[in-house]
**Student:** 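Mind looking over this structure? Questions follow.
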Amino acid sequence: MFTVNAIAAPSATEPLVRTTIERRDLGPHDVLIEIRYAGICHSDIHTVRGDWGSVPYPLTVGHEIVGRITEVGADVTRHAVGDRAGVGCMVNSCRECENCRTGNEQYCLKGNTQTYAGVDRDGTVTQGGYSTHVVVNEDFVLRVPESIPYEAAAPMLCAGITTYSPLAHWNAGPGKKVAVVGLGGLGHMAVKIAAAMGAEVTVLSQTLSKKDDGLRFGAEHYHATKDPATFEVLKNSFDLIINTVSAPIDMASYLGLLRLDGTLVSVGAPPEPLPVPVFALFGNRRSFAGSSIGSIAETQEMLDFCAERGIAPEVEVIGAEAVNDAYERVLASDVRYRFVIDIDTLH
Ligand code: NAP
Ligand code: ZN
Ligand code: ZN
């Protein structure tokens, strides 16, 4: 074991503080990554505040990690010292279940090993990317193309893949009308990726305050959800709705926006249930679905797709001392559009 600098939550109610955490010594299939940037996902906030249930404290979160590989285990073949590397929301899985064997390890039937607050294969609690170094099994490490700006690459490891995966699965593309609900970290990536896939994209945001940005990201239409007329004007319109909202939404209103055989996919993960009136599904044979991150292969595909098309998140780089303020701004929907911690400020 070795000790590294980190930021951790002491409890669900206290601010995050600077501290140190332990990393395991490199196993034969592990790589050591010197972290350069770590994105702040709303899931980090849900987790440390106990929204989704109890977690072990002190806890270091962060699952949008990029850096350089500085050491590799004896049997590592997929990565080399000096490579630009990324780590997302999971760091291992059982590799034997039906879902793992079919390349859907994010849906591992024994539960994938989450990057933080998970129990690793060696029995220790995993600690995330708000730290200077991380040790990860080589199979769960991504190659980050050199053409993606370093700091912008970090949010792709969660916000990027979590939106790319359902857009690809439900065939966003030419001729498809896609709506994105919530223009935050996930939402702005959903707009960029869906537009790059060729879909006609509409943003559904609480107000019109970010309209210019939404159109610049590739949306053709932009509507305020605080305006009840929006739900009349857009009735029966969309093939696919990607809901990225971190709080509950009124399901009947949003389902009513789907056209025949349309699907509303929630990636937003509010702590409360989202009650679905079944009659809202009967009309237009609508579906309500969920989606969780993406597989490692699909994450690599997303990174390469974004690199080829010059797509990257819009980020606000902050120092370690600004993390608690950034949390408050995310909670107030005042994020443009992802906070990324400069890990050099932790050394
Ligand atoms: P975020 O940056 O805070 O974006 C969420 C957006 O939702 C806000 O910017 C805001 O957009 C809108 N919003 C927030 N509160 C709202 C409310 N009360 N009513 C209506 N709209 C509201 O968060 P994020 O990092 O993108 O994450 C979004 C959600 O996805 C979180 O719940 C997170 O845990 C979840 N998530 C899930 C997965 C997965 O695998 N399924 C992966 C990552 C994250 P406007 O200002 O435009 O309205
Ligand atoms: Zn996340
Ligand atoms: Zn499995």
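Counting convention: from 1, in listed order, for ligands and their atoms alike. As a basis for the values below, the full set of heavy atoms in this structure was taken, side chains included, without hydrogen atoms, waters or symmetry mates. Residue indices begin at 1 and follow the sequence shown.
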**Student:** So is there a nitrogen or oxygen of Arg338 less than 3.5 Å from a nitrogen or oxygen in ligand 1?
**Tutor:** yes

**Student:** Would you tell me whether Asn137 and Arg78 have side-chain atoms, one donor and one acceptor, within less than 3.5 Å of each other?
**Tutor:**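 Side chains of Asn137 and Arg78: no pair found under 3.5 Å.
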
**Student:** Between Ser291 and ligand 1, find which residue part has any heavy-atom pair under 4.0 Å and reply side chain, backbone, both or neither.
**Tutor:**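 The answer is the backbone of Ser291.
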
**Student:** Could you tell me whether the side chain of Thr126 and the main chain of Gln114 form a donor-acceptor pair under 3.5 Å?
**Tutor:**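 Side chain of Thr126 to backbone of Gln114: a pair is present.
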
**Student:** May I ask you to check if any N/O/S atom from His42 comes under 2.8 Å of the Zn ion (ligand 2)?
**Tutor:** no

**Student:** Can you sort out which atoms of ligand 1 are near Val330, meaning under 4.0 Å from one of its heavy atoms?
**Tutor:** 3 (O)

**Student:** Rounded to the nearest 10 degrees, what's the angle SG of Cys41 makes with NE2 of His63 at the Zn ion (ligand 2)? Could you check?
**Tutor:**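 For SG of Cys41 and NE2 of His63, the angle centred on the Zn ion (ligand 2) reads 120°.
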
**Student:** Do me a favour and list the nearest non-hydrogen protein atom to atom 39 (C) of ligand 1 with residue, atom name and distance?
**Tutor:**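 The closest heavy atom on the protein side is Thr162 CG2, 3.4 Å.
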
**Student:** Which residue in the set Glu151, Glu316, His188, Glu64 passes side-chain hydrogen bond (donor to acceptor under 3.5 Å, both in side chains) when paired with Arg338?
**Tutor:** Glu64

**Student:** Could you tell me whether Gly185 and ligand 1 have an N or O pair separated by under 3.5 Å?
**Tutor:** yes

**Student:** Between the side chains of Ser93 and Asn112, is a donor N or O closer than 3.5 angstrom to an acceptor N or O?
**Tutor:**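 Ser93 vs Asn112: no donor-acceptor pair found between side chains.
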
**Student:** Heavy-atom contact check, 4.0 Å cutoff: does Gly268 meet ligand 1?
**Tutor:** yes

**Student:** Do me a favour and list the nearest non-hydrogen protein atom to atom 7 (O) of ligand 1 with residue, atom name and distance?
**Tutor:** Val245 CA, 3.7 Å

**Student:** Could you identify the single nearest non-hydrogen protein atom to atom 11 (O) of ligand 1 and state the distance to 0.1 Å?
**Tutor:** Leu183 N, 3.3 Å

**Student:** Would you check if the side chain of Glu71 reaches a backbone N or O of Leu32 as a donor-acceptor pair within less than 3.5 Å?
**Tutor:**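 Checked: no pair found.
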
**Student:** How does Thr244 reach ligand 1, if at all, at less than 4.0 Å between non-hydrogen atoms: by side chain, backbone, both, or neither?
**Tutor:** backbone

**Student:** Answer yes or no: does an N/O atom from Val267 fall short of 3.5 Å to an N/O atom of ligand 1?
**Tutor:**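 It does: an N or O of Val267 is found under 3.5 Å from an N or O of ligand 1.
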
**Student:** Would you give the angle at the Zn ion (ligand 3) between Cys97 atom SG and Cys94 atom SG, to the nearest 10°?
**Tutor:**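 The angle at the Zn ion (ligand 3) comes to 110°, rounded to the nearest 10°.
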
**Student:** Which ligand 1 atoms does His42 reach within 4.0 Å, using its non-hydrogen atoms?
**Tutor:** 1 (P), 3 (O), 23 (O), 24 (P), 25 (O), 27 (O), 31 (C)

**Student:** Classify the angle between the aromatic ring planes of His133 and Phe2 as parallel (below 30°), tilted (30 to 60°) or perpendicular (above 60°).
**Tutor:** perpendicular

**Student:** Answer with side chain, backbone, both or neither: which part of Gln206 has a heavy atom less than 4.0 angstrom from an atom of ligand 1?
**Tutor:**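 Both backbone and side chain of Gln206 come within 4.0 Å of ligand 1.
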
**Student:** Regarding Ser292 and Gln106, is there a side-chain donor-to-acceptor distance under 3.5 Å anywhere?
**Tutor:** no

**Student:** How far is atom 8 (C) of ligand 1 from the closest protein heavy atom, and which atom is that?
**Tutor:**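 The closest heavy atom on the protein side is Ser333 OG, 3.7 Å.
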
**Student:** Mind checking whether Gly187 has an N or O less than 3.5 Å away from an N or O of ligand 1?
**Tutor:**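 Checking ligand 1 against Gly187, no N or O pair falls under 3.5 Å apart.
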
**Student:** Should you measure from each heavy atom of Cys158, which atoms of ligand 1 turn up under 4.0 Å away?
**Tutor:** 42 (C), 43 (C)

**Student:** Tell me, with the steps shown, if Arg285 and Asp261 meet salt bridge (Lys or Arg N to Asp or Glu O under 4.0 Å).
**Tutor:** CA-CA 5 Å; Arg285 197 165 47 200; Asp261 289 328; 2.6 Å; yes

**Student:** Under 4.0 Å from ligand 1, counting heavy atoms only, is it the side chain of Ile293, its backbone, both or neither?
**Tutor:** both

**Student:** Is it true that Thr225 and Gln206 share a donor-acceptor pair across their side chains at a distance under 3.5 Å?
**Tutor:**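 No, Thr225 and Gln206 have no side-chain donor paired with an acceptor closer than 3.5 Å.
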
**Student:** Of all the atoms in ligand 1, which lie at a distance below 4.0 Å from a heavy atom belonging to Val335?
**Tutor:**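 It comes down to these atoms of ligand 1: 2 (O).
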
**Student:** Give the atom numbers and elements of ligand 1 that come within less than 4.0 Å of a heavy atom of Ala247.
**Tutor:**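 So the answer, numbered in order with elements, is 17 (C), 18 (N).
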
**Student:** Write out the residue and atom name of the closest protein heavy atom to atom 33 (C) of ligand 1, then the distance separating them to 0.1 Å.
**Tutor:** Ser43 OG, 3.4 Å

**Student:** Does the side chain of Asn236 come under 3.5 Å of the side chain of Asn284 through a donor N or O and an acceptor N or O?
**Tutor:**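 Distance-only check passes for Asn236 and Asn284.
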
**Student:** Salt bridge or not between Arg143 and Glu138? Use side-chain N to carboxylate O under 4.0 Å.
**Tutor:** no

**Student:** Among protein heavy atoms, which lies nearest atom 31 (C) of ligand 1, and at what distance?
**Tutor:**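 Nearest neighbour among protein heavy atoms for atom 31 (C) of ligand 1, to 0.1 Å: His46 NE2, 3.5 Å.
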
**Student:** Looking only at protein heavy atoms, which one is nearest to atom 26 (O) of ligand 1, and what is the separation?
**Tutor:** Leu186 N, 2.8 Å

**Student:** Checking Asn99 side chain against Leu109 main chain: does a donor-acceptor pair fall under 3.5 Å?
**Tutor:** no

**Student:** Please classify the Ser205 to ligand 1 contact at 4.0 Å (heavy-atom distances, strictly less than): side chain, backbone, both or neither.
**Tutor:** both

**Student:** Can you sort out which atoms of ligand 1 are near Trp52, meaning under 4.0 Å from one of its heavy atoms?
**Tutor:**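 What qualifies from ligand 1 is 34 (O).
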
**Student:** Under 4.0 Å from a heavy atom of Lys210: which atoms of ligand 1 are those, numbered in the order shown and with their elements?
**Tutor:**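 Reading through ligand 1 atom by atom, the close ones are 11 (O), 45 (P), 46 (O), 47 (O).
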
**Student:** Could you pull out, from Gly184, Ser266, Gly214, the option with a heavy atom nearest to atom 6 (C) of ligand 1?
**Tutor:** Gly184

**Student:** Is the side chain of Asp120 donor-acceptor paired with the backbone N or O of Val125 at a distance under 3.5 Å, no angle test?
**Tutor:**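 No: the side chain of Asp120 does not pair with the backbone of Val125.
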
**Student:** Among Arg259, Lys176, Arg286, exactly one meets salt bridge (Lys or Arg N to Asp or Glu O under 4.0 Å) together with Asp239. Which residue is that?
**Tutor:**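 Of the listed options, the one satisfying the test is Arg259.
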
**Student:** Check the angle between the aromatic planes of His42 and His46 and answer parallel, tilted or perpendicular using the 30° and 60° thresholds.
**Tutor:** tilted

**Student:** Do Asp44 and Tyr327 meet the criterion of a side-chain donor-acceptor pair at a distance under 3.5 Å?
**Tutor:**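 Absent: no donor and acceptor within the cut-off.
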
